[in-house]
There are 2 protein chains.
Amino acid sequence: MGLFHADSHAMSKTLKEMDVLRQHLAKHQLKLTRQRELILTAFLRQEHVTAETMYHQLAKKDPHLGLATIYRTLNLFCEAGIAQARHFGTQTQYDNISHKGHHDHLICTGCGTIVEFENCEIERLQEEVATKNGFVIQTHRLELYGLCARCRH
Amino acid sequence: MGLFHADSHAMSKTLKEMDVLRQHLAKHQLKLTRQRELILTAFLRQEHVTAETMYHQLAKKDPHLGLATIYRTLNLFCEAGIAQARHFGTQTQYDNISHKGHHDHLICTGCGTIVEFENCEIERLQEEVATKNGFVIQTHRLELYGLCARCRH
DNA sequence: TTGAAATTGATAAGCCGTCTCAAGATGATA
DNA sequence: TATCATCTTGAGACGGCTTATCAATTTCAA
């Protein structure tokens, strides 16, 4: 009984997304597989991943899990509204949408230093712009490039 | 005399960026070539391009201009601060940074539509954040990803 | 003008992500 | 629970976009 509680508590974080996935699968006549569950729980633990990083992470739990399956599953998550693909550099980042505390970046073009920041007011204005254009924002990216105090001398 | 004036007027729009490029080349012991000039003037006429589109555009002026040269040159422009690379879908878009009043982007993750916008209030807040962190902004990039009205159905 | 050094064009190579397909898993149904 | 149509998987082939290679050419400082 105590064990049951502990288990259900540990699972509670993933339950919401698991339900979203189940609903999506049902609606599209798809099936819930061991791999999809495995990938989902691992995915939810992180803010953003690439297929490659998940491939290596999961190799320990299931050495036969194929890279193609991970790509397929992450794309499935996007369709289900659990993940969001973002192209960064040459790779695709899959962002955990439900993860909060998104931060923006201040990047020094001199020394490469990256300072993270968060500004509610800016976020609010972004929503405003999106709404005005008929968009519903899923995620965003704001990078300010400039020179930090030290590099200006 | 009249002709000279006409010419210098036609060039005036590209002069600023050409100078930026020249300075960058000088600083890195690189050379100013016919191809680099050609690609720069064509690039400055547009808001954003892919290497492929420039390849076809320029094929008329110089049928022997190679695709690799265009990629190399556009990347050079990024290093010189004239262009900015943005990855969308499988391709790379090269944005003209100096283009009138710098636009930010609202990007539909469903159909890829890009809506450009400008918001002084957001820019002001960006300055504020930068100053607070001891930075002086040179440029920035703001991309909002979401679903447009049509793709939400 | 000369020559060291950078650039070019053509194409090979590389990377990332998707497609293919035979073998295996899933789950609705009886 | 056994059956079986359907979906999924894993491995590798494939394809699109970008970069690397290299001999021939161009640039530019002296």
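Sequence lines set the chain letters: A, B, ... in the order given, protein chains first and strands last, and positions in each chain run from 1.
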key: Sidechain-backbone polar pair: A:Q46 side chain, A:A42 backbone, donor-acceptor under 3.5 Å   = yes

query = Does a donor on one side chain sit under 3.5 Å from an acceptor on the other, for B:Q91 and B:E52?
reply = no

inquiry  = Centroid separation under 6.0 Å, is that true for the rings of B:F43 and B:F77?
reply    = yes

key: Any donor-acceptor pair under 3.5 Å from B:D95 side chain to B:I97 backbone   = no

What N/O pairs connect the protein and nucleotides 7-10 of chain C at under 3.5 Å? Give each pair on its own line.
from  : atom 1 : to    : atom 2 : distance (Å)
C:dT7 : OP1    : B:K31 : N      : 3.0
C:dT7 : OP1    : B:R36 : NH1    : 2.5
C:dT7 : OP1    : B:R36 : NH2    : 3.2
C:dT8 : OP1    : B:T33 : OG1    : 2.8
C:dT8 : O3'    : B:Q35 : NE2    : 3.0
C:dG9 : OP1    : B:Q35 : NE2    : 3.3
C:dG9 : OP1    : B:H64 : O      : 3.4
C:dG9 : OP2    : B:G66 : N      : 3.3
C:dG9 : OP2    : B:T69 : OG1    : 2.5
C:dG9 : O5'    : B:H64 : O      : 3.3
C:dG9 : N7     : B:R72 : NH2    : 2.7
C:dG9 : O6     : B:R72 : NH1    : 3.2

key: N/O donor-acceptor pair under 3.5 Å between A:R141 side chain and A:H105 backbone   = no

query = How many angstroms lie between atom CG of B:L38 and atom CD1 of B:I70, to the nearest 0.5 angstrom?
reply = 8.5 Å

message = Using a 4.0 Å cut-off to any heavy atom of chain B, which nucleotides of DNA chain D are the first and last in contact, reading 5' to 3'?
response = D:dC17 to D:dC28

key: Sidechain-backbone polar pair: B:N133 side chain, B:V129 backbone, donor-acceptor under 3.5 Å   = yes

query = Taking five pairs at each end, how big is the angle between the two axes of the helix from C:dT1-D:dA30 to C:dA30-D:dT1, to 10°?
reply = 40°

query = Base, sugar-phosphate, or nothing: which does A:T92 touch, judged by heavy atoms less than 4.0 Å apart?
reply = sugar-phosphate

message = Looking at A:E128 and A:R124, would you say the former's side chain and the latter's main chain have a donor-acceptor pair under 3.5 Å?
response = no

query = To the nearest Å, how far apart are A:L76 CG and C:dG17 C1'?
reply = 16 Å

query = With a 4.5 Å limit on heavy-atom distance, are the side chains of B:T73 and B:T33 in contact?
reply = no

inquiry  = Keeping B:R22 on the side-chain end and B:L32 on the backbone end, is there a donor-acceptor pair under 3.5 Å?
reply    = no

